[in-house]
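Encoded as structure tokens, the structure appears first; notes follow it.
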Amino acid sequence: MLETALKGSPRYWGWLGILLAVMGIGGAMYMWQFTVGLTVTGLSRDVSWGFYIAQFTYLVGVAAAGVMVVLPYYFHHYKDFKKLIILAEFQAVAAVIMCLGFIVVDLGQPTRMLNVLRYPTPNSILFWDMVVLNGYLLLNIVIGWVSLQHERNHVEPPKWVKPLVYTSIIWAFSIHTVTAFLYQGLPGRHYWLTAILAARFLASAFCSGPAILLLVAMLVRKVSDYDVGDKAIKALAKIVAYAMAVNVFFFLLELFTAAYSNIPGHMHSFEFLFAGHDGHMSYVSYLMWVAAILAIASLALLIPPKLRDNMKLLPWSLAILIAASWIDKGLGLLIGGFTPNAFEGVTPYAPTLPEIMISLMVYAMGIFALTILYKVAVSVKREVA
């Protein structure tokens, strides 16, 4: 089936060329980082995780989002999601590729990650994070590719695929839960030290991931003849609205707990994120207020059925939601956890130009893989039709 990706319009090849150019520029920046070290980034002793790990955290949620399509289709036989299944599975593949890419670029010496395999330590959360990420990648590649291949041959998928599908549903919850455990298991970081963090991660994943899937599905419908159907889009948009409402509710629970208890460690992180701390004001404070406004606006646009079902307005509503969730989880989560530091000091952090370019390289790699996979899927679906 891969040969179908070798045929396309000039627009298709132009898009791939742009992605390759971004990968080339980012690759040059990464070689500089590999030679000089992480000193080219904004990381420091007090901020040991930065933009790379923030993007990794966000993309784990994007990868897990496919369960919001797979679960209703297989468990509740909601057949309107049939055309969305393959898009969701391939989005998960691309998202995990980007997750792994951000882990690699975050390491000063990438070869050291082989130590996880050479010296496995099951008592380490990092070990299980490696297991669940690679396992989820393998599951989605096998399920998506085998199902598509058999559909092309006009035969039913083999019986062993369905148990893998059910396994992938459980696995989707595990990848984000284990990622949350990496954060909430650190007692010195008050912003992360909460039992509800894993639930917040899942709620955020189940709104932002499907929102991205819907935007991409609508884009695919615009540039090709593959249409997932308005009914499927409206149903998934409803799921996104409910998940976003839960996500905002969980965040407000954290805010109430910190403010009402008035425990300094918990209060200081929220103060820094929204108003600055001890005279230190950061760009993150302005972005967090933007995220709060966008989150409320997205709920106002997605909860009323008339606004949510408006196909012209829906892409903007989803884009607003994605922006709000990215600021909160792709930037604020990391900086809020590290600031103030263990000594109640403030260490400013901002991603440097090399960090941003290397991050764009990883995103371009994932989007390149997604483009190829979607090209194969759309071509096969066209053949079958």
(Q) Closer than 3.5 angstrom, by distance alone: can the side chain of Ser269 be matched with the main-chain N or O of His266 as a donor-acceptor pair? (A) no

**Q.** Main-chain N/O of Pro122 paired with Trp128 side-chain donor or acceptor, under 3.5 Å
**A.** yes

Q) Given side chains that start at C-beta, do those of Leu126 and Val116 come closer than 4.5 Å, heavy atoms only? A) no

Q.
Are Ile86 and Val223 linked, directly or through intermediate hydrophobic residues, by side-chain heavy-atom contacts shorter than 4.5 Å (ILVMFWY only)?
A. no

Q) Applying the 4.5 Å side-chain criterion to the ILVMFWY set and letting contacts propagate, would Val376 and Leu219 be lumped into a single cluster? A) no

Q. Roughly how far apart are Ile169 CD1 and Ser174 OG, rounded to 0.5 Å?
A. 12.5 Å

Q: Any chance you could measure Ile103, atom CD1, to Asp129, atom CG, to the nearest 0.5 Å?
A: 6.0 Å

Q: Report yes if some heavy atom in the side chain of Thr41 is under 4.5 Å from a heavy atom in the side chain of Asp106; otherwise report no.
A: no

Q.
Contact between Tyr349 and Asp46 at the side-chain level, heavy atoms closer than 4.5 Å - yes or no?
A. no

Q. With Glu156, which residues qualify under side chain to side chain contact (heavy atoms under 4.5 Å, CB included), at least two apart?
A. none

Q: Not counting sequence neighbours, list each pair that qualifies as a side chain to side chain donor-acceptor pair (under 3.5 Å) and has a residue in residues 47-71.
A: Gln33-Tyr52, Gln55-Trp326, Gln55-Tyr363, Thr57-Tyr183, Tyr58-Ser325

Q: Would you mind listing every ring-ring contact (aromatic ring centres under 6.0 Å, His included) that reaches into residues 290-318, with sequence neighbours excluded?
A: none

Q. Are Val178 and Leu193 connected, step by step, through hydrophobic side chains (Ile, Leu, Val, Met, Phe, Trp, Tyr) whose heavy atoms are closer than 4.5 Å?
A. no

Q. Same cluster or not: are Ile296 and Leu287 linked, directly or through other Ile, Leu, Val, Met, Phe, Trp or Tyr residues, by side-chain heavy atoms under 4.5 angstrom apart?
A. no

Q) Okay, side chain of Ser208, backbone of Ser204: is any donor-acceptor separation there less than 3.5 Å? A) yes

Q. So how far is it from Leu59 CG to Ile212 CD1, rounded to the nearest 0.5 Å?
A. 7.5 Å

Q: For Ser168 and Tyr136, work out which heavy atoms get closest and say how close.
A: O-CE1, 3.5 Å

**Q.** Listed partners of Leu213 passing side chain to side chain contact (heavy atoms under 4.5 Å, CB included), at least two apart
**A.** Val69, Leu84, Leu87, Ala88, Gln91, Leu236, Tyr374

Q) Does the side chain of Val146 reach to within under 4.5 Å of the side chain of Pro158, using non-hydrogen atoms? A) yes

Q: Any side chain to side chain donor-acceptor pair (under 3.5 Å) involving residues 14-27? Give me the pairs, sequence neighbours left out, ordered by first then second residue.
A: Trp15-Thr371

Q. Quick one: are the ring centres of Tyr78 and Phe81 less than 6.0 Å apart?
A. yes

Q) Looking at CE of Met361 and CD1 of Ile358, how far apart are the two atoms once the value is rounded to the nearest 0.5 Å? A) 6.5 Å

Q) Who else is in the cluster with Val155 when I, L, V, M, F, W and Y are joined by side-chain contacts under 4.5 Å? A) none

Q) With a 4.5 Å limit on heavy-atom distance, are the side chains of Gln109 and Phe34 in contact? A) yes

Q: Flag yes if more than 12 heavy atoms outside Tyr283 fall under 6.0 Å of its OH atom; otherwise flag no.
A: yes

Q: Answer with yes or no whether the hydrophobic clustering places Val105 together with Leu114; edges join I, L, V, M, F, W, Y residues whose side-chain heavy atoms lie under 4.5 Å apart.
A: no

Q: For residues 71-97, pull every pair meeting salt bridge (Lys or Arg N to Asp or Glu O under 4.0 Å), keeping only residues two or more places apart or in separate chains.
A: Asp80-Lys231

Q | Residue from Val132, Leu133, Asn134 passing side chain to side chain contact (heavy atoms under 4.5 Å, CB included) with Met130 | A | Asn134

Q. Judged by atom type as modelled, is there a donor-acceptor pair below 3.5 Å linking the side chain of Asn115 to the main-chain atoms of Arg118?
A. no

Q: Search all heavy atoms of Ala180 against all heavy atoms of Ala198 and return the closest pair with its distance.
A: CB-CA, 3.5 Å

Q: Carefully, step by step, assess Lys234 and Met311 under the rule side chain to side chain contact (heavy atoms under 4.5 Å, CB included).
A: CA-CA 9 Å; Lys234 291 178 181 179; Met311 288 295 131; 3.5 Å; yes

Q: Start with the C-alpha distance between Phe102 and Phe51, add both sets of side-chain angles, then the distance that settles ring-ring contact (aromatic ring centres under 6.0 Å, His included), and finish with yes or no.
A: CA-CA 9 Å; Phe102 276 113; Phe51 198 69; 7.5 Å; no

Q.
Return the CG to CG distance between Leu138 and Leu164, rounded to the nearest 0.5 Å.
A. 8.5 Å

Q) Between CD1 of Ile322 and CG of Leu215, what distance do you get to the nearest 0.5 Å? A) 4.5 Å

Q.
Strictly by side chain to side chain donor-acceptor pair (under 3.5 Å), give each pair with a member in residues 209-229 just once, sequence neighbours left out.
A. Arg221-Asp227, Arg221-Asp230, Asp225-Arg382

Q: Could you give me the CA-CA distance, side-chain angles and deciding distance for Met113 and Val104, then say whether side chain to side chain contact (heavy atoms under 4.5 Å, CB included) is met?
A: CA-CA 8 Å; Met113 66 184 174; Val104 170; 3.6 Å; yes

Q) Side chains of Met244 and Leu299: does their closest heavy-atom pair fall under 4.5 Å? A) yes

Q. Does any pair with a residue in residues 159-181 pass ring-ring contact (aromatic ring centres under 6.0 Å, His included), and if so which ones, sequence neighbours excluded?
A. Phe75-Tyr166, Phe173-Phe206, His176-Phe201

Q. Going by side-chain heavy atoms closer than 4.5 Å, which hydrophobic residues are tied to Val246, directly or by a chain of links?
A. Ile196, Phe249, Phe250, Leu253

Q) Apart from Phe256 itself, what residues make up its hydrophobic cluster when side-chain heavy atoms of I, L, V, M, F, W and Y under 4.5 Å apart count as a link, directly or indirectly? A) Tyr260

**Q.** Ala237: partners by side chain to side chain contact (heavy atoms under 4.5 Å, CB included), with sequence neighbours left out
**A.** Leu214, Arg308, Leu314

**Q.** Thr194 vs Gln184, side-chain hydrogen bond (donor to acceptor under 3.5 Å, both in side chains): CA-CA, chis, key distance, verdict
**A.** CA-CA 6 Å; Thr194 166; Gln184 67 189 74; over 6 Å; no

Q.
Contact between Phe270 and Glu254 at the side-chain level, heavy atoms closer than 4.5 Å - yes or no?
A. yes

Q.
Would you say that Leu373 contacts Val93 through its side chain, given a criterion of any heavy-atom pair below 4.5 Å between the two side chains?
A. yes

**Q.** Worked verdict on Ile85 versus Val70 for side chain to side chain contact (heavy atoms under 4.5 Å, CB included)
**A.** CA-CA 6 Å; Ile85 291 291; Val70 176; 4.1 Å; yes

**Q.** Heavy-atom closest pair, residues Ala65 and Gly209
**A.** CB-CA, 3.2 Å

**Q.** Shortest non-hydrogen contact from Phe127 toward Pro120
**A.** CE1-CB, 3.5 Å

Q) Could you go step by step and tell me if Gln149 and Val380 meet the side chain to side chain contact (heavy atoms under 4.5 Å, CB included) rule? A) CA-CA 8 Å; Gln149 181 73 63; Val380 169; over 6 Å; no

(Q) On a heavy-atom basis, which atom in Leu38 and which in Gly108 lie closest, and how many Å separate them? (A) CD1-N, 4.1 Å

(Q) If you compare all heavy atoms of Ala172 against all heavy atoms of Val67, which two are closest, and at what distance to 0.1 Å? (A) CB-CB, 3.8 Å

